[in-house]
Amino acid sequence: MRFYEQGKVPLTPHMYFVYGDGGTGKTTLFKQFPGRKLLISFDLSTNPLMGDESIDVAVVETSDGPKIQETVMYWINGAIKAGKYQAIALDNLSALQNLVLENIDNRAKDNRQNYQKLQLWFRELSMLLRNSGLSVYATAHQVDNGANGLTDGGRYAADMNEKTFNAFTSTFDLVGRIFLKDGQRWIDLDPEQGNHAKNRIDDRKLIKANELIQQEEH
């Protein structure tokens, strides 16, 4: 456990989690982050990053599946130790969760234990990212809960087991849903709309997608 005397808590880089439909530009948002960056791709959607010389890309292969937990930790710890990156991205958590769950399913028979192990591993991953000293960006697909989840306005959530999502995003500063409206990309950060969302960076509840990083200046 780390201890900081009164008034000496250091400012840590922010962590962002954005979920939404395919084609809404989740991967492209990583270009906004300054400095040298590493993106680890779990769904192979790397075309939006072509030609960007500030981004190194690690793409998961089929052979990585049976050892995906160890592989992810290896790459993240390597990026931290390298000391050359200012930001790291995990794209896409929905795909990563499925790979991890497949491994856990093969090791335990009790379904409740499987999901508990899933939540604990994602919590451990989140803590590693929080303590990395790097800006962190993560994405996920969205699910539409339809009328079953419809309240006054929201019905969307990240395509992840809910408790696993909560365990992973508990350390994140921003969680938002990206969507298209009238040809413009927006990110909803307002939990009162009924969707999974939060913003601990500033007080804005709805931003243009190209202002994801700029909001720190407000």
S.K.: Which residue pairs satisfy the salt bridge (charged side-chain N to carboxylate O under 4.0 Å, His left out) criterion with at least one member in residues 157-176, sequence neighbours excluded?
M.R.: Arg130-Asp173, Asp173-Arg200
S.K.: Could you note down all residue pairs passing salt bridge (charged side-chain N to carboxylate O under 4.0 Å, His left out) where residues 76-99 supplies at least one of them, sequence neighbours left out?
M.R.: none
S.K.: Has Glu211 got a side-chain atom pairing as donor or acceptor with Ile207's backbone, closer than 3.5 angstrom?
M.R.: no
S.K.: Leu134 versus Pro13: any side-chain heavy-atom pair under 4.5 Å?
M.R.: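 No, their side chains stay 4.5 Å or more apart.
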S.K.: Answer whether the closest heavy-atom distance between the side chains of Phe165 and Phe122 falls below 4.5 Å.
M.R.: no
S.K.: May I have all residue pairs that pass salt bridge (charged side-chain N to carboxylate O under 4.0 Å, His left out) and include part of residues 21-45, sequence neighbours excluded?
M.R.: Arg36-Asp56
S.K.: Relative to each other, are the rings of Phe33 and Tyr137 parallel, tilted or perpendicular (30° and 60° limits)?
M.R.: tilted
S.K.: Students often mix this up, so state it plainly: with edges at 30° and 60°, are the rings of Tyr16 and His14 parallel, tilted or perpendicular?
M.R.: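 If you compare the ring of Tyr16 with that of His14, the planes turn out perpendicular.
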S.K.: Quick one, Thr139 and Tyr19 - any side-chain contact, counting heavy atoms below 4.5 Å?
M.R.: no
S.K.: Check whether any side-chain heavy atom of Ile76 sits under 4.5 Å from a side-chain heavy atom of Ile40, and report yes or no.
M.R.: yes
S.K.: Do Ser126 and Thr171 meet the criterion of a side-chain donor-acceptor pair at a distance under 3.5 Å?
M.R.: yes
S.K.: Report yes or no: do Arg185 and Thr24 form a side-chain donor-acceptor pair below 3.5 Å?
M.R.: no
S.K.: Taking Thr71 as the fixed residue, which of Leu99, Asp64, Val60 is the one that meets the side-chain contact (heavy atoms from CB on, under 4.5 Å) rule?
M.R.: Asp64
S.K.: Under a 3.5 Å cutoff, is there a donor and acceptor pairing between the side chains of Asn103 and Gln69?
M.R.: yes
S.K.: Just so I know, are the side chains of Lys198 and Leu174 near enough to count as touching, which here means a heavy-atom distance under 4.5 Å?
M.R.: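 Answer no - side chains too far apart.
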S.K.: Are Thr27 and Asn92 side-chain neighbours, meaning at least one heavy-atom pair lies under 4.5 Å?
M.R.: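 With C-beta onward as the side chain, the pair stays apart.
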S.K.: Would you say the side-chain atoms of Asp188 pair up with the backbone N or O of Arg177, donor to acceptor, closer than 3.5 Å?
M.R.: no
S.K.: Is any side-chain heavy atom of Glu70 closer than 4.5 Å to a side-chain heavy atom of Lys67?
M.R.: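 Side-chain contact under 4.5 Å: yes.
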S.K.: Any side-chain to backbone donor/acceptor pair from Gln119 onto Thr164? Under 3.5 Å, distance only.
M.R.: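 No, the answer is negative, given that no donor and acceptor are paired below the 3.5 Å cut-off.
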S.K.: Please examine the side chains of Val100 and Trp121, heavy atoms only from C-beta on, and report whether any two atoms are closer than 4.5 Å.
M.R.: yes
